[in-house]
Amino acid sequence: MSETVFIRADEIAKELGIAKQTAYRMIRIWNEQLKAKGYMTITGRVSRQYYKEQIYGLTERKEDTDASV
């Protein structure tokens with residue numbers, strides 16, 4: 001099963017071991033940040049890529065992919 005573009009609060013809560021209410025609060029904050037940058041958001045969901053950037057500091061940079069060549 002492939003990963004979806006968006007991640008939901010229940011999945012975040014399970015992965016981080018936190019209450020679903022806390023996950024919803026995190027999503028709300030991240031969506032506010034994304035809206036401020038001009039992105040469209042979906043209530044109760046956040047981009048899986050943005051989630052990974054915020055939690056794990058993971059970013060996919062062009063320099064990283066070019067270094068393997």
Walk me through it: do Y39 and Q33 pass the test side chain to side chain donor-acceptor pair (under 3.5 Å)?
-> CA-CA 9 Å; Y39 293 100; Q33 292 170 351; over 6 Å; no
[atom1] of [X] to [atom2] of [Y]: how many Å apart, nearest 0.5 Å?
| X | Y | atom1 | atom2 | value |
| --- | --- | --- | --- | --- |
| I27 | T43 | CD1 | OG1 | 10.0 Å |
| K14 | K20 | NZ | NZ | 11.5 Å |
| R45 | W30 | CZ | CH2 | 16.0 Å |
| E15 | I7 | CD | CD1 | 5.5 Å |
| E53 | Q49 | CD | CD | 5.0 Å |

Going through the checks in order, is the side chain to side chain donor-acceptor pair (under 3.5 Å) test met by Y51 and E11?
-> CA-CA 11 Å; Y51 160 74; E11 193 175 346; over 6 Å; no
Main-chain N/O of I42 paired with N31 side-chain donor or acceptor, under 3.5 Å | yes
Keeping the roles fixed (side chain from R48, backbone from T4), state whether a donor-acceptor pair exists under 3.5 Å.
->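 It does hold such a pair.
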Presence of salt bridge, K52 and E3, under 4.0 angstrom =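 Salt bridge between E3 and K52, a charged N being under 4.0 Å from a carboxylate O: yes.
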Under 4.5 Å between any side-chain heavy atoms of R25 and R28, yes or no?
->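 They are in side-chain contact.
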Mind listing the closest non-hydrogen atom pair of [X] and [Y] along with its distance?
| X | Y | answer |
| --- | --- | --- |
| M26 | I55 | CE-CD1, 3.7 Å |
| F6 | S47 | CD2-N, 3.6 Å |
| I12 | A23 | CG2-CB, 3.9 Å |

Would you kindly confirm whether Y50 and Y56 end up in one hydrophobic cluster when ILVMFWY residues are joined by side chain heavy atoms under 4.5 Å apart?
->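 Yes, because Y50 and Y56 connect within a single hydrophobic cluster, where side-chain heavy atoms sit under 4.5 Å apart.
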